[in-house]
Amino acid sequence: MTRTVYLNGDYLPEAEAKVSIFDRGFVMADGVYEVTSVLQGKLLDFPGHLKRLGRSLSELGMGNPHSDEEWLEIHRQMVALNNIEEGIIYLQVTRGNPGDRDFAYPPEGTPQTVVLFTQSKPGLAANPQAKTGLKVISVEDLRWSRRDIKTVQLLFPSMAKMEAKHRGADDAWLVEDGFVTEGTSNNTYIVKDGRIITRQLSTDILHGITRASLLRFAAEAQMQIEERPFTIAEAQAADEAFFTSASAFVLPVVEIDGAKVNGGTVGPVTTRLRELYLEESLKSAI
Ligand code: PMP
């Protein structure tokens with residue numbers, strides 16, 4: 001089945017969706033995105049993703065092309081037209097096509113480019129990596145300093161991911177001034193003596209929607225949370241380590257720079273948090 005994608009108001013077969021070579025997203029990485037996961041045909045944490053989209057757009061001085069109701073309707077259409085039971089919806093908004101390349105922003109009123117596509121991922125909730133865990137390496141964080149804005153300039157995270165793959169690992173944890181900021185595409189955590197430790201929010205990291213929900217669910221379950229930076233050495237010596245993102249939910253890390261965490265096995269807190277996140281976020285899925 002060919003995918004149906006969304007481009008500026010139209011639902012089209014993917015091969016028919018065309019964007020200009022002068023689009024600011026293409027020549028300047030001048031765009032923002034969101035990824036919402038779908039389980040049982042429903043959108044997870046959707047209000048959180050819409051709120052962050054609005055914030056990313058406003059931080060870059062871009063308008064929001066749709067109301068929350070319109071975004072929901074477009075997302076639901078995409079789920080229905082592509083028969084998505086488990087998977088993700090990718091959404092991107094760019095500053096549009098000024099008709100030429102220029103560092104200055106296009107004139108007021110230049111239409112933004114809005115693109116959505118789906119990725120069907122059967123087995124997302126039953127990901128076997130939740131049982132085996134992943135290996136990560138540390139890489140110096142060389143991204144720009146506004147990581148709280150979810151822009152499409154993903155070259156450095158992509159380079160770090162490739163370095164991880166070349167070194168036989170699954171992902172990279174990025175380190176700045178000796179402390180872990182986050183993963184290439186996820187927020188990072190350690191567990192010590194039952195406490196969940198994760199870096200506090202700032203412009204240094206993306207404000208993960210999965211992070212926000214998980215910390216709320218964990219607090220409601222009376223678990224102890226400490227929001228502060230941690231080092232790679234502390235993570236290697238922790239009882240457990242894990243990361244969160246919309247498409248991974250909660251996934252365990254069992255090796256960091258070659259050192260095994262929890263003897264290389266998945267710990268009980270991570271397993272419990274994954275169950276908790278899936279259970280609770282499904283309750284509010286729409
Ligand atoms: N940090 C970064 C750098 C990311 O790219 C992502 C995923 N897009 C996250 C954290 C996790 O955010 P979320 O839980 O909203 O997917």
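Hydrogens, waters and symmetry mates play no part in the numbers below; they use all other heavy atoms, side chains included. Atoms within a ligand are numbered from 1 in the order they appear, just like the ligands themselves. Note that the coordinates shown come from a computational prediction; the quantities given were computed from them, not determined experimentally.
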Give a yes/no verdict on whether any heavy atom in V35 is under 4.0 Å from an atom of ligand 1. no
Note the single closest protein heavy atom to [atom], along with its residue, its atom name and the distance in Å.
atom	answer
atom 8 (N) of ligand 1	K150 NZ, 2.3 Å
atom 5 (O) of ligand 1	S185 CA, 3.3 Å
atom 12 (O) of ligand 1	G208 CA, 3.4 Å
atom 16 (O) of ligand 1	A246 N, 2.8 Å
atom 1 (N) of ligand 1	E182 OE1, 2.6 Å

Check whether Y105 forms a cation-pi arrangement with R95 (NZ or CZ under 6.0 Å from the six-membered ring centre, at most 45° off the ring normal). yes
Considering only heavy atoms of [X], which atoms of ligand 1 have at least one such atom less than 4.0 Å away?
X	result
R143	3 (C)
N187	10 (C), 11 (C)
R52	12 (O), 13 (P), 15 (O)
I209	13 (P), 14 (O), 15 (O)
S245	11 (C), 14 (O), 16 (O)

Between the side chains of [Y] and [X], is the shortest nitrogen-to-carboxylate-oxygen separation below 4.0 Å, so that they form an ion pair?
X	Y	value
E34	R52	yes
E234	R228	yes
D148	R55	yes

Is there a donor-acceptor contact under 3.5 Å linking the side chains of [X] and [Y]?
X	Y	value
N262	D239	no
W173	D257	no
Y277	S213	no

Given that the side chain starts at C-beta and the backbone is N, CA, C, O, which of these parts of T184 lies under 4.0 Å from ligand 1, counting heavy atoms, or is it both or neither? backbone
Polar-atom distance check: L206 versus ligand 1, any N or O pair below 3.5 Å? no
Would you say T210 has any N or O atom under 3.5 Å from an N or O of ligand 1, going by distance alone? yes
Taking side-chain contact (heavy atoms from CB on, under 4.5 Å) as the criterion, tell me which of V266, L251, V254 meets it with Q129. L251
As a test of understanding, state which of F117, Y90, F46 forms a ring-ring contact (aromatic ring centres under 6.0 Å, His included) with H75. F46
